[in-house]
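Okay, structure first, notes after.
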Amino acid sequence: MKKLLLLIFTVSILSCNSQGKRVVLGESDFQKEMNTKFKDASRSPLTKKGLKNFKGLDFFPIDKKYTVNAELVKTPDAPIFDFPTTTDRVAMYKKYGILSFSIDGEDFKLAIYQDVNPKPEYANHLFLPFLDNTNGKTSYKGGRFIDIYTTDIQEDGTVEVDFNKAYNPYCAYSDRYSCPITPSDNYLNAEIKAGVMAYKKPK
């Protein structure tokens, strides 16, 4: 009888604890990490109203065809230039290289960039912005970004590009941010149904 009561007590405690914790939504580590950050008021780009109403970001279903092995041709002599932003902020970048890859038998190219004055924690960070035919419909109108690192580049000059990890610039969530404007040259004439979807700002 004592063992039975102990078992019931333990189950009750575990049930209470699980009810007290908010489950982090997401089908992948990337999606869970994004939702964890967005519901954390100290890190979230959401407005107060957006944070109050936040239940999780919308994502396209994960599709392995959008994880591609791209060939990287570096452009070491590319000039430094002022990367346009949504405000008067000046961002100094240079083109790091050109990525070539295929999706559904179609060949594509995207330029990838590097900040010339990065913070120490972003020293290995490469910036991949892109536009596609979902923009303004099911994804953010201004395009999306993918994070890639110099340490991801293989010895044969290839690098994995996972569009399932594409995310929106913070300007998609609040007007208080200054965001890089995706170059028109980085347009993919295809619907990239992967990554974070469009966000509807609360009224």
Side-chain angles (χ1 to χ4, degrees), residues 30 34 45 57-63 65-119 122 124-150 152-153 157-201:
F30 168 77
M34 288 287 289
L57 295 171
D58 291 323
F59 297 91
F60 288 99
I62 294 174
D63 192 333
K65 79 174 182 180
Y66 293 116
T67 302
V68 301
N69 194 41
E71 178 184 353
L72 172 63
V73 176
K74 295 181 180 180
T75 52
D77 297 325
I80 296 172
F81 67 97
D82 293 348
F83 206 107
T85 69
T86 54
T87 64
D88 294 333
R89 180 176 66 91
V90 176
M92 303 296 290
Y93 278 81
K94 69 179 297 183
K95 186 182 293 183
Y96 184 85
I98 301 293
L99 294 167
S100 301
F101 56 93
S102 299
I103 297 176
D104 283 340
E106 290 190 62
D107 295 331
F108 299 101
K109 292 182 183 293
L110 287 175
I112 190 167
Y113 303 91
Q114 186 174 40
D115 189 341
V116 297
N117 297 304
K119 295 179 180 179
Y122 293 110
N124 296 322
H125 181 261
L126 298 175
F127 175 51
L128 180 60
F130 71 96
L131 299 160
D132 71 277
N133 292 338
T134 67
N135 298 155
K137 301 172 185 176
T138 51
S139 72
Y140 178 58
K141 63 181 180 180
R144 290 174 290 165
F145 304 159
I146 298 175
D147 290 332
I148 293 177
Y149 300 87
T150 56
D152 296 331
I153 302 170
T158 61
V159 61
E160 182 180 276
V161 179
D162 190 354
F163 288 93
N164 293 292
K165 295 181 179 179
Y167 62 91
N168 296 328
Y170 277 6
C171 294
Y173 307 101
S174 173
D175 296 332
R176 69 179 184 271
Y177 291 100
S178 172
C179 302
I181 297 175
T182 301
S184 58
D185 289 347
N186 265 26
Y187 163 67
L188 301 176
N189 188 18
E191 289 190 330
I192 306 299
K193 297 179 180 180
V196 178
M197 299 183 72
Y199 172 74
K200 294 181 180 179
K201 294 180 181 179

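Proximity of Asp82 to Met92: side-chain heavy atoms (C-beta onward) are separated by under 4.5 Å at one or more points. At a threshold of 4.5 Å between non-hydrogen side-chain atoms, the residues Ile192 and Ile103 count as touching. With a 4.5 Å cut-off on side-chain heavy atoms, Lys193 and Tyr66 count as touching. By the 4.5 Å heavy-atom criterion applied to side chains, Lys165 and Asp147 are not counted as neighbours.
A distance of 8.0 Å separates OG in Ser102 from CZ in Phe108, rounded to the nearest 0.5 Å. For the atom pair CD1 (Ile80) and CG (Asn117), the distance works out to 7.5 Å, reported to the nearest 0.5 Å. The distance from the OG1 atom of Thr150 to the NE2 atom of His125 is 10.5 Å, given to the nearest 0.5 Å. Annotation: the span from Leu131 atom CG to Asp185 atom CG amounts to 10.0 Å, rounded to 0.5 Å. To the nearest 0.5 Å, atom CD1 of residue Ile112 and atom CD1 of residue Ile148 are 4.0 Å apart. Distance check: Tyr93 OH to Phe81 CZ gives 9.0 Å after rounding to the nearest 0.5 Å.
Between Phe101 and Phe163, the gap from one ring centroid to the other is short of 6.0 Å.
The backbone N or O of Asp63 lies less than 3.5 Å from a partner atom in the side chain of Asn164, making a donor-acceptor pair. Side chain of Asn186 to backbone of Pro129: a donor-acceptor contact under 3.5 angstrom is found. Asp58 contributes no side-chain N or O that, together with a main-chain N or O of Tyr199, makes up a donor-acceptor pair within less than 3.5 Å. The backbone N or O of Arg144 sits nowhere less than 3.5 Å from a side-chain atom of Asn168 that would complete a donor-acceptor pair. A donor-acceptor contact shorter than 3.5 Å is absent between the side chain of Lys141 and the backbone of Ala172. A donor-acceptor distance shorter than 3.5 angstrom exists from the side chain of Thr86 to the backbone of Cys179, with no hydrogens or angles considered.
In terms of heavy atoms, Leu188 sits closest to Lys109 at CD2-O, 4.2 Å. In terms of heavy-atom proximity, Glu106 sits nearest to Asn189 at OE1-O, 4.4 Å. Across every non-hydrogen atom of Pro169 and Tyr140, the tightest pair is CG-CE2, 3.5 Å. Annotation for Asp132 and Ala190: closest pair CB-O, 3.3 Å, computed over non-hydrogen atoms. Taking all atoms of both residues into account, the shortest heavy-atom contact from Ala111 to Leu128 is O-CD1, 3.4 Å. Nearest heavy atoms, Ala70 versus Val161: CB-CG2, 4.0 Å.
The environment of NZ in Lys95 is sparse: at most 12 heavy-atom neighbours from other residues, nucleotides or ligands sit within 6.0 Å. Residue Tyr122 qualifies as open at atom OH: its count of foreign heavy atoms under 6.0 Å is 12 or below.
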Start with the C-alpha gap between Thr138 and Phe60, add the side-chain angles, then the distance that decides, and say whether side chain to side chain contact (heavy atoms under 4.5 Å, CB included) holds.
CA-CA 9 Å; Thr138 51; Phe60 288 99; 3.4 Å; yes

Walk me through whether Asn135 and Tyr187 qualify under side chain to side chain contact (heavy atoms under 4.5 Å, CB included).
CA-CA 10 Å; Asn135 298 155; Tyr187 163 67; 5.8 Å; no

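Ring geometry for Tyr113 against Phe127 counts as tilted: the plane angle lies between 30° and 60°, on a 0 to 90° scale.
Residues passing the side-chain contact (heavy atoms from CB on, under 4.5 Å) test with Thr85, sequence neighbours excluded: Thr87, Arg89, Ala91, Ser178.
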